Number of protein chains: 2
Amino acid sequence: MEDALVRARAELVEALGQQSSFWGVGKVTGALFAVLYLSAEPMTLGDIADALGTSKGNVSTSIRALEHLGMVRRRVHPGDRRVYFEAETDFWEISRRVLSRRQKPEFDRSFALVDQSLGRARAAAPSDEQRFVAERLGSLKAFYDELDGIVALVLVIDPRRLGRLLRAAARVRRSTRPSLRRVPQ
Amino acid sequence: MEDALVRARAELVEALGQQSSFWGVGKVTGALFAVLYLSAEPMTLGDIADALGTSKGNVSTSIRALEHLGMVRRRVHPGDRRVYFEAETDFWEISRRVLSRRQKPEFDRSFALVDQSLGRARAAAPSDEQRFVAERLGSLKAFYDELDGIVALVLVIDPRRLGRLLRAAARVRRSTRPSLRRVPQ
DNA sequence: CCAATCGTTCAGTACGTTTCGAACGTACTG
DNA sequence: CAGTACGTTCGAAACGTACTGAACGATTGG
């Protein structure tokens with residue numbers, strides 16, 4: 001029965017719709033991507049609106065967000081004034097872009113604030129209180145520094161290399177500290 | 001002037017309050033943690049409410065969320081019926097817990113849905129359409145698989161080892177493909 | 001040049017989430 | 001046994017965000 005395909009589609013649409021907040025986008029936006037991703041042919045804005053059961057206006061707005069994240073491409077056929085949309089299929093590339101365009105700036109802002117706060121605390125008049133606050137802020141900054149380095153690296157490194165690297169690291173760790181191996185349920 | 005310390009505190013409170021949504025908690029919750037983190041002594045619920053300029057009820061709710069994430073500990077002194085709260089200071093430990101208790105389950109649910117969807121698509125009656133959908137879902141699942149492996153690893157691995165590892169990987173990459181080195185602004 | 005079709009915009013609205021604050025239960029004090 | 005000092009709970013309000021639907025400009029074909 002062809003019905004199975006329909007259900008498969010519907011389920012992915014729901015799945016991506018649900019975890020849309022993870023990417024930092026609206027529910028419709030996630031579902032929209034799912035629809036495009038599972039469509040063999042590029043779709044027009046009206047097609048998508050129908051498939052999602054929502055308004056064209058909504059789709060227009062959502063799709064712009066996806067374009068901005070590099071998750072959707074726009075394609076125009078000569079002699080056809082409709083605009084066709086199709087999904088980007090390289091998820092590692094998508095992740096990189098989402099990370100760098102959405103998460104990273106936010107992270108950087110926060111980082112700068114912590115830095116500034118630390119500077120202020122260090123400049124304050126010496127006291128037990130001052131030393132305590134400065135030390136805590138120092139620890140926090142150190143953490144942010146490391147995290148920042150990791151994120152920056154993930155943005156540059158090849159995902160397959162990353163996978164291999166981590167697997168290798170895991171092997172070393174397992175053989176070093178076997179007590180931490182996961183207990184089979 | 002002692003004022004600098006006060007401002008340093010206020011700035012961190014604001015910083016963590018702002019990026020609170022990153023951890024998946026409310027604004028007050030992030031600010032609350034900042035207050036506790038910069039307090040030399042453990043604080044009672046009333047203290048915190050005063051410091052934040054919010055209600056005790058609000059703090060009570062928020063602090064429970066932080067406890068559940070392992071970001072705050074509760075401590076009772078014998079002969080004092082007040083409850084004191086103090087911040088967890090090991091951020092790597094915190095990250096691990098937040099990741100495993102909040103992000104991971106959500107991720108797993110989504111993962112299962114994709115898996116199920118793929119199963120359904122593969123079971124559907126063969127056709128061009130069916131092959132296309134099955135292939136796309138297969139790619140998505142492969143991506144999720146890799147991602148899942150990475151997350152699982154990060155949850156187990158020692159952060160310092162991770163940092164060293166990534167730095168090493170970056171060095172290799174830089175020397176291999178110097179053209180990708182970042183252009184100094 | 002008109003009608004139809006397409007994507008975009010925006011003000012209004014519906015919805016979910018966060019926050020407040022009063023009421024409550026409990027445990028200690030005198 | 002009051003009275004007080006806690007932390008908790010919960011309904012109501014405030015708030016922000018996502019969505020709707022009509023109006024609009026642009027483009028194309030008749």
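Owing to the predicted nature of the structure, the values given are computational and were not obtained by experimental measurement. Protein chains get the first letters and strands the later ones, always in sequence-line order, with residue 1 at the start of each.
- Across residues 42-57 of chain B, B/Thr44, B/Leu45, B/Gly46, B/Lys56, B/Gly57 each have a non-hydrogen atom less than 4.0 Å from an atom of DNA chain D (numbered order).
- Between the B/Gln130 side chain and the B/Ala121 main chain, a donor and an acceptor come within less than 3.5 Å of each other.
- When the C1' atom of C/dG7 is taken as reference, atom CZ of A/Arg75 falls 19 Å away, rounded to whole Å.
- Without hydrogens or angle criteria, B/Ser20 side chain to B/Gly17 main chain gives a donor-acceptor distance under 3.5 Å.
- With 3.5 Å as the limit, one finds a donor-acceptor pair spanning the side chains of B/Thr44 and B/Asp47.
- For A/Arg64, a side-chain nitrogen or oxygen approaches OP1 or OP2 of C/dT9 to under 4.0 Å.
- Without hydrogens or angle criteria, B/Arg9 side chain to B/Leu38 main chain gives a donor-acceptor distance under 3.5 Å.
- Spacing between atom CZ of B/Arg82 and atom P of C/dT29 amounts to 11 Å, rounded to whole angstrom units.
- Note that NZ of A/Lys104 and CZ of A/Arg96 are 14.5 Å apart. Values are rounded to the nearest 0.5 Å.
- A/Leu5 and B/Leu113 fall into different hydrophobic clusters, where Ile, Leu, Val, Met, Phe, Trp and Tyr residues are linked whenever their side-chain heavy atoms come under 4.5 Å apart, directly or through other members.
- At distances below 3.5 Å, not a single donor-acceptor pair connects side-chain atoms of B/Arg120 with backbone N or O atoms of A/Val6.
- A distance-only check finds no donor-acceptor pair linking the side chain of B/Arg97 to the backbone of B/His68 [under 3.5 Å].
- Note: CG (B/Asp80) to C1' (C/dT29) measures 13 Å, nearest angstrom.
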Kindly list each side-chain donor-acceptor pair under 3.5 angstrom involving residues 132-143 of chain A, sequence neighbours excluded, with atom names and distances?
residue	atom	partner	partner atom	Å
A/Arg136	NH1	B/Tyr37	O	3.0
A/Ser139	OG	A/Glu135	O	3.3
A/Lys141	NZ	A/Asp115	OD1	3.3
A/Lys141	NZ	A/Asp145	OD2	3.4

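- For residues 51-70 of chain B, every residue pair satisfying the salt bridge (Lys or Arg N to Asp or Glu O under 4.0 Å) rule, not counting sequence neighbours, is listed here: B/Glu67-B/Arg74.
- Among the candidates A/Thr61, A/Asn58, A/Ile48, the single residue satisfying the side chain to side chain contact (heavy atoms under 4.5 Å, CB included) test with A/Val28 is A/Asn58.
- A stem is defined here as three or more consecutive Watson-Crick or G-U pairs, each with both distances under 3.5 Å; for DNA chain C these stems are C:1-30 with D:1-30.
- With B/Ser39 contributing its side chain and B/Val35 its backbone, the two residues share no donor-acceptor pair below 3.5 Å.
- Rounded to an integer number of Å, the gap from A/Tyr84 OH to C/dC6 C1' is 11 Å.
- Atom CZ of B/Arg74 is separated from atom C1' of D/dT8 by 10 Å (rounded to the nearest Å).
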Each nucleotide N or O in nucleotides 24-27 of chain D that has a protein N or O under 3.5 Å away: list the pair and distance.
residue	atom	partner	partner atom	Å
D/dT27	O2	A/Arg81	NH1	3.4

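- A/Met71 and A/Tyr84 fall into different hydrophobic clusters, defined by Ile, Leu, Val, Met, Phe, Trp and Tyr side-chain heavy atoms under 4.5 Å apart, directly or through other members.
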Heteroatom pairs (N/O) under 3.5 angstrom, protein to nucleotides 11-18 of chain D:
none

